[in-house]
Amino acid sequence: MAITEPAPTYHSDAKNIDLEKDAAIGEVHSPTLGSDDIADDRAKNPLKRNLHGRHMQMIAIGGAIGAGLFVGSGGALRSGGPASLVICFMIIGVSILMMMQALGELAIMYPVNGAFFQYICRFIDPSWGFAMGWDYAIQWLTILPFEITAAGLTIDYWHHYNIGIWIAVFLTVLTAIQFFGVRGYGEVEFLLSTIKVVACAGFIIFGIIVNCGGVPTDNRGYIGARYWHSPEQAFRNGFHGFCTVFVTASFAFGGTELTGLAAAESADPVRDLPKATKQVFWRITFFYVVNLFILGLIVPSSSQVLLGSSGANTKASPFVLAITLAGVKGLPSVFNAVITISVISVANSATYASTRTIQALAQKGMAPKFLAYVDKKGRPIPTIVLQLVLALLAFCNEQTNSQVFTWLLALSGVANFFVYGSICVAHIRFRSAWKLHGHTVEELPFRAQFGIWGSYLGVLLNFLCLAAQFYTALYPIGGTPNAEAFFEAYLAAPLIIALYLGWKIWSMFMIPENRPMWVAIKDIDLYTGMREDQFTFSAEGVPEAIRRQSIASLPINKPKKWYDYPKNFLTGLF
């Protein structure tokens, strides 16, 4: 919402402002509210700051490494070949880097509840923020029952049971985790993500040994780049196949943004978020790109097994296939267990993402008010109940050929592309407003490494993702244009437009200040939600001497030694 009141002036006793430094949503300043209003607002939203740096880093990794890597990459390998697989994941890795840098800068400056949905409302338009927030929430609401079902299906690798049994078991486990609040979620995610990271590192070592002919049970001997040359193909199905892999890669990275969403519950966002923002990119890119490059060296893209690589069909997982082709006994079962853990981890992340987003929407008046309630232990109980009730839809999968999830998942098919692009646009407009109000980049406690040009690149790459998804949805490989297949892939786009127009029309009559198509740069509110220590020298009217002294004390502005760069890379990776 645009704030038109004049910005507050600085007083020498600003540090004595009583902001009730409890464990609510972070130490933030709200110049448009009185101290009583701030206390009342925090009483309604006592989210606990119980997440530490290790949790923040693993949350982003846990939300991204799942069935998309371990299973879906097989279908991408079959459609586009090993070269397309590596190149597309590298391009999307760049897109994720740009988005994460923009989100990191905003989240560290404003560690508010709801994160990027709030930034979109503030720096772009409240109606567009409403559409992004609700579509993002719907995405995770529908992913949870899907992932619970997928976890149950992985058990079929060993023995077939009624899927309803495992749905009940996994749903019970996820419900139990919610009783421990955000700290319970963070600890579980840390454990599960650690297992996944170890498995990815182990596969890299295993793949190198297989490729070099070091496995006695593998009669292929030295493989090298055999599967990149005739009779195999490095690029399968030409440009069409490349676009198909592009779409798969885009979806596989989904969940990385959870670091920004968790900013409001971070114990020390200024210290933890910069590390998470920088390190998560390197870790995910390393584990994705290197794993997939080695995968393309030791698994032929023409394998018929890969035709079934989708969802949670672990019997068609390219990673399990790679181990099977090498003739190693027992290890396929171990990796299938890792896939099961990965799917449960994503389900755990889905619960966190949906509940926090809906709670933030309700707090802002964009959802029913009762959903804004948070208990004394920092648990948004109404949204947790809503999420778990909708998770019961997983039992629909007991019915053969159920189409319920096909259309539910279609509601969020391209949501991430809109969200990621909007985060980059919000960052560009924040920088414009920051400059217009006389502030400098040096004041920022964390700066996006590529500035606004990185955000422009992020917008472009997300637009290309939408275009590639449109192309492959309209013209699938080996098929003809089909309306049902198209809307299964692209139904989220009209949903987002409907959400946007619906709230914009509502605002025309009920919220006059939201009537403009977008928030003017001059009206952007830079101060509400800003961290207290940042506000003491970034507020308008601060004496230049105090501002310069504070800027010089920021860690980001201190000179670095030559050995800091390799040190940061190694600590970021390991």
field: Verdict with reasoning, W453 to Y456, per ring pair (Phe, Tyr, Trp, His ring centres under 6.0 Å)
entry: CA-CA 5 Å; W453 296 109; Y456 278 118; 5.5 Å; yes
task: Decide yes or no on side chain to side chain contact (heavy atoms under 4.5 Å, CB included) for L444 and R431, but give the supporting numbers first.
output: CA-CA 10 Å; L444 301 175; R431 281 289 190 93; 3.7 Å; yes
message: What verdict does the side chain to side chain contact (heavy atoms under 4.5 Å, CB included) test give for Y110 and T528, after you've listed the backbone C-alpha separation in whole Å, the side-chain angles of each residue and the deciding distance to 0.1 Å?
response: CA-CA 8 Å; Y110 308 100; T528 301; over 6 Å; no
- request: Check the pair F130, Y500 against ring pair (Phe, Tyr, Trp, His ring centres under 6.0 Å), reporting the backbone distance first and the verdict last.
  value: CA-CA 7 Å; F130 172 85; Y500 167 74; 9.7 Å; no
task: Carefully, step by step, assess I344 and V188 under the rule side chain to side chain contact (heavy atoms under 4.5 Å, CB included).
output: CA-CA 10 Å; I344 295 173; V188 169; over 6 Å; no
Test log, rule side chain to side chain contact (heavy atoms under 4.5 Å, CB included), inputs D125 and K504: CA-CA 10 Å; D125 174 55; K504 178 60 73 175; 3.0 Å; yes
Residue pair Y420, E257: steps toward the side-chain hydrogen bond (donor to acceptor under 3.5 Å, both in side chains) verdict: CA-CA 8 Å; Y420 294 167; E257 74 287 344; 2.5 Å; yes
query: Can you check ring pair (Phe, Tyr, Trp, His ring centres under 6.0 Å) on Y288 and F253, steps first, answer last?
result: CA-CA 9 Å; Y288 264 91; F253 276 103; 4.6 Å; yes
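Counting heavy atoms of neighbouring residues, nucleotides and ligands inside a 6.0 Å radius, atom CZ of F180 does not exceed 12 of them.
Of the possible polar contacts, one joining the Q469 side chain to the A489 backbone as a donor-acceptor pair under 3.5 Å is found. Under a 3.5 Å cut-off, the side chain of E147 and the backbone N or O of V346 do not form any donor-acceptor pair. Without hydrogens or angle criteria, S193 side chain to F190 main chain gives no donor-acceptor distance under 3.5 Å. Not one N or O on the side chain of E189 forms a donor-acceptor pair closer than 3.5 Å with the backbone of G186. Using a distance-only test at 3.5 Å, with no hydrogens or angles considered, no donor-acceptor pair links the side chain of H439 to the main chain of K435. Proximity of a side-chain donor or acceptor of W503 to a complementary backbone N or O of G129 within less than 3.5 Å is not detected. Formation of a donor-acceptor pair under 3.5 Å by the Q359 side chain with backbone atoms of A372 is found in this model. Side-chain atoms of S432 come within 3.5 Å of backbone N or O of I428 as a donor-acceptor pair.
Here the closest heavy-atom approach between residue L144 and residue A347 is recorded as CD1-O, 3.3 Å. Across Q387 and A350, no two heavy atoms sit closer than the pair OE1-O, 3.5 Å. Here the closest non-hydrogen pair linking K196 and S342 is CD-OG, 2.9 Å. When all heavy atoms of K364 and Q118 are compared, the closest pair comes out as CD-OE1, 3.4 Å. Of all non-hydrogen atoms in Y119 and L106, the two that sit nearest each other are OH-O, 3.5 Å. S127 approaches S507 most closely through the heavy-atom pair OG-OG, 4.0 Å.
Between E442 and R447, no side-chain nitrogen of the basic residue sits less than 4.0 Å from a carboxylate oxygen of the acidic one, so the salt-bridge criterion is not met.
Taking the side-chain hydrogen bond (donor to acceptor under 3.5 Å, both in side chains) definition, one finds that N416 meets it with Q139, sequence neighbours left out. Taking D135 as the reference, nothing meets the salt bridge (Lys or Arg N to Asp or Glu O under 4.0 Å) condition, with sequence neighbours excluded.
With contacts defined as side-chain heavy-atom distances shorter than 4.5 Å, the pair D525/Y527 qualifies. Between V374 and I381 there is no side-chain heavy-atom pair separated by less than 4.5 Å. Side-chain contact between Y136 and F116 is present, with heavy atoms from C-beta onward closer than 4.5 Å. The side-chain heavy atoms of S455 and M99, taken from C-beta on, include no pair separated by under 4.5 Å. Side-chain atoms of E513 and P126, non-hydrogen and from C-beta on, never get closer than 4.5 Å to each other. Looking at heavy atoms from C-beta onward, F418 lies in side-chain contact with L466 at the 4.5 angstrom threshold. Using a 4.5 Å cut-off on side-chain heavy atoms (C-beta onward), L495 and I138 make contact. Looking only at side-chain heavy atoms (C-beta outward), S95 and N462 come within less than 4.5 Å of each other.
A cation-pi arrangement is absent between R122 and F117, since the terminal nitrogen or guanidinium carbon is not both under 6.0 Å from the aromatic centre and inside a 45° cone about the axis.
At a cut-off of 3.5 Å, with distance as the only test, no side-chain donor of T351 or N348 sits close to an acceptor on the other residue. Side-chain contact, W140 with T357: no donor N or O sits under 3.5 Å from an acceptor N or O.
Atom CZ of residue F123 and atom CH2 of residue W434 lie 9.5 Å apart, to the nearest 0.5 angstrom. Distance check, rounded to the nearest 0.5 Å: CE of M98 to CZ of F450 gives 4.5 Å. Annotation: the span from L371 atom CG to I384 atom CD1 amounts to 12.0 Å, rounded to 0.5 Å. Annotation: the span from L97 atom CG to I92 atom CD1 amounts to 12.5 Å, rounded to 0.5 Å. Taking CD1 of I124 as the start and NE2 of H427 as the end, the distance is 12.0 Å to the nearest 0.5 Å. Taking CD1 from I358 and OG1 from T383, the interatomic distance works out to 6.5 Å, rounded to the nearest 0.5 Å.
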